[in-house]
A.B. asks: 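The structure under discussion is supplied below as structure tokens; questions concerning it will follow.
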Amino acid sequence: MRHLPAVAAVLAAAQTAPLLQVHGRAATTGAIRSALADARAELGAGSGAVPSMDALIESARAHLENQPARLRPLFNLTGTVLHTNLGRALLAEAAIEAATEAMRHPVALEYDLDEGGRGERDDHVRELLRALTGAEDATIVNNNAAAVLLCLNTFALGRGAIVSRGELIEIGGAFRMPDIMARAGAEMREVGTTNRTHLTDYRNAIDERTGLILKVHTSNYRIQGFTAEVSARDLAAMAGAAGIPLLNDLGSGSLVDLSAYGLAREATVRQAVDEGAHLVTFSGDKLLGGPQAGFIVGSRDAIAAINQNPLKRALRVDKIRLAAIEATLRLYRDPDRLAERLPTLRFLARSQDAIAAQGARLRDPVAACLGDDFQVDVGPCHSQVGSGALPLDTLPSAALQVRAKGSQRSLEDLSAALRALPRPVIGRITDGALQFDLRCLAETDEALFLANFAGRA
Ligand SMILES: *Cc1c(COP(=O)(O)O)cnc(C)c1O
């Protein structure tokens, strides 16, 4: 090890100059340290000889350049379209362009171009949201969890919030309604039972300390059998008579009737507003197909109260997302072309026949890449919407199904190798096969997918 050069000597070598020029002194020094550490480890293990100066510099270059970004694009072939762990909705081109422009240039984020004075960031989307939902007013925060937190904190801080025992949801990733209520400073007042809650349960729970009544869309489960639930309309009428605001948390919420695209019907935001809730909350990156955001629409007074809550400032969205949201919402003015323009809706609306035809196109080239150890077939499967939207409805789809001719272990190794590709391919192992649901593979990405796959060996 004494024969290894010092960091300064490698840094000073003529061959290091190009690295210094591209990566700078600090990063290059770090990479040389790493290269020397690798060499010491190898010598310590008794393998190999002292590397030449060229070999050390080549190793430093590899440290500098072979580091793919951790948050890089991948192929979501899990069959879950709105996969929370894979970033949910993909944005429309119009939204991507708008966000890019907002990153590159100053924008009138809180500036009124008509008056030449201060404006509000919600101004850019207020009219669109009013038109699309029928609500009097609207505001946007970081995500729907923040929207619910802010509504609770605004109306039930140190006061009671009434909620049915059948609606105390947990969404994946630590969003549990009782915990959110506690952190919002609201005293949870549970009513009814797991399977049945009646209007009188809510009415009997109202007292002078009640600040809010909460209705939660049970987005990731259904209670079936001997059940009773109070409709939002009845609840809104009762809450209104008692002078207490009703918050209806829709979760995904949709701005259009999804049955027009062959999907199951999910209550639209407009319906929830029509039913009389004072506040309705929903996500930006679920069925809406935009960036992560939480929308709050409702009565003018309720939104005004929310905007005066100091927490609003901590939960607001930035200009990049706001630009993307505005562009996404504008697409909803032309519902006929929505499925063309919103990738999420396009994927959800793809027919099983189209996906199976894609599978037939890809089977042979994929099988050729994988070699003789694996059997590749095209078979039917079921996709899920994901993110708790339409939890019981699956979409008939088609998948490439890879089976190992040898042991199960090799299937897991293959799965790991595909996750390590420049563009990772994520499928799932079910029934002894590694399954790639092709619903979310755009036809325009097929060539890229195959080239990437071929890089495996
Ligand atoms: C998804 C969901 C949330 C949380 O929304 P995020 O946008 O993920 O923060 C809250 N409530 C319901 C009913 C949901 O389905």
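Note that ligands are numbered from 1 as they come in the structure, with each ligand's atoms numbered from 1 the same way.
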A.B. asks: Before signing off on this row, confirm whether Ser283 and ligand 1 have an N or O atom pair separated by under 3.5 Å.
C.D. replies: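 By distance alone, the answer is yes.
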
A.B. asks: Given Leu246 and Leu235, is the side-chain contact (heavy atoms from CB on, under 4.5 Å) satisfied, shown in steps?
C.D. replies: CA-CA 8 Å; Leu246 171 71; Leu235 207 48; 3.9 Å; yes

A.B. asks: Need the ligand 1 atom indices (1-based, order shown) with element for anything under 4.0 Å from a heavy-atom of Lys286.
C.D. replies: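 Counting from 1, the qualifying ligand atoms are 1 (C), 2 (C), 3 (C), 5 (O), 14 (C), 15 (O).
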
A.B. asks: Would you kindly check if the NZ (Lys) or CZ (Arg) of Arg196 is within the cone defined by 45 degrees around the ring axis of Phe226 and under 6.0 Å from the six-membered ring centre?
C.D. replies: yes

A.B. asks: Using 4.0 Å as the upper bound for N to carboxylate O, is an ion pair formed by Asp334 and Arg341?
C.D. replies: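 Yes, this pair counts.
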
A.B. asks: Considering non-hydrogen atoms of the protein only, which is the closest contact for atom 3 (C) of ligand 1, and what is the distance?
C.D. replies: Asn144 ND2, 3.4 Å

A.B. asks: Which of the atoms of ligand 1 are close to Ala145, meaning less than 4.0 Å from one of its heavy atoms?
C.D. replies: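 It comes down to these atoms of ligand 1: 4 (C), 5 (O), 6 (P), 9 (O).
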
A.B. asks: Take Lys312 and Leu150 through the test side-chain contact (heavy atoms from CB on, under 4.5 Å) and record every step on the way to the result.
C.D. replies: CA-CA 7 Å; Lys312 166 79 194 292; Leu150 187 58; 3.9 Å; yes

A.B. asks: Check for me whether Val148 has a heavy atom closer than 4.0 Å to any atom of ligand 1.
C.D. replies: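 It does not; every heavy atom stays at 4.0 Å or beyond.
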
A.B. asks: Using a strict cut-off of 4.0 Å, indicate which atoms of ligand 1 neighbour a heavy atom of Ile169.
C.D. replies: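 The atoms of ligand 1 under 4.0 Å from a heavy atom of Ile169 are 12 (C), 13 (C).
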
A.B. asks: Any N/O of Val216 closer than 3.5 Å to an N/O of ligand 1?
C.D. replies: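 Min N/O separation from ligand 1 is not below 3.5 Å for Val216.
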
A.B. asks: With heavy-atom distances below 4.0 Å as the criterion, list the atoms of ligand 1 near His217.
C.D. replies: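 Close to His217: 13 (C).
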
A.B. asks: Below the 3.5 angstrom mark, is there an N/O of Arg88, backbone or side chain, next to an N/O of ligand 1?
C.D. replies: yes

A.B. asks: Suppose we screen for side-chain contact (heavy atoms from CB on, under 4.5 Å). Which residues come up paired with Ala147, at least two apart in sequence or across chains?
C.D. replies: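 So Ala147 forms a side-chain contact (heavy atoms from CB on, under 4.5 Å) with Val141, Asn144, Thr281, Ile296.
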
A.B. asks: For atom 11 (N) of ligand 1, what is the nearest protein heavy atom, given as residue, atom name and distance?
C.D. replies: Asp249 OD2, 2.7 Å

A.B. asks: Does Arg439 reach the main-chain N or O of Pro396 with its side chain, forming a donor-acceptor pair under 3.5 Å?
C.D. replies: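 Side chain of Arg439 to backbone of Pro396: a pair is present.
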
A.B. asks: Would you please classify the geometry between the Phe75 ring and the Phe449 ring as parallel, tilted or perpendicular, with 30° and 60° separating the classes?
C.D. replies: perpendicular

A.B. asks: Step by step, work out the side-chain hydrogen bond (donor to acceptor under 3.5 Å, both in side chains) result for Thr84 and Ser387.
C.D. replies: CA-CA 6 Å; Thr84 296; Ser387 285; 3.2 Å; yes

A.B. asks: Can you tell me which residue and heavy atom of the protein come closest to atom 15 (O) of ligand 1, and the distance to 0.1 Å?
C.D. replies: Ser219 OG, 2.5 Å

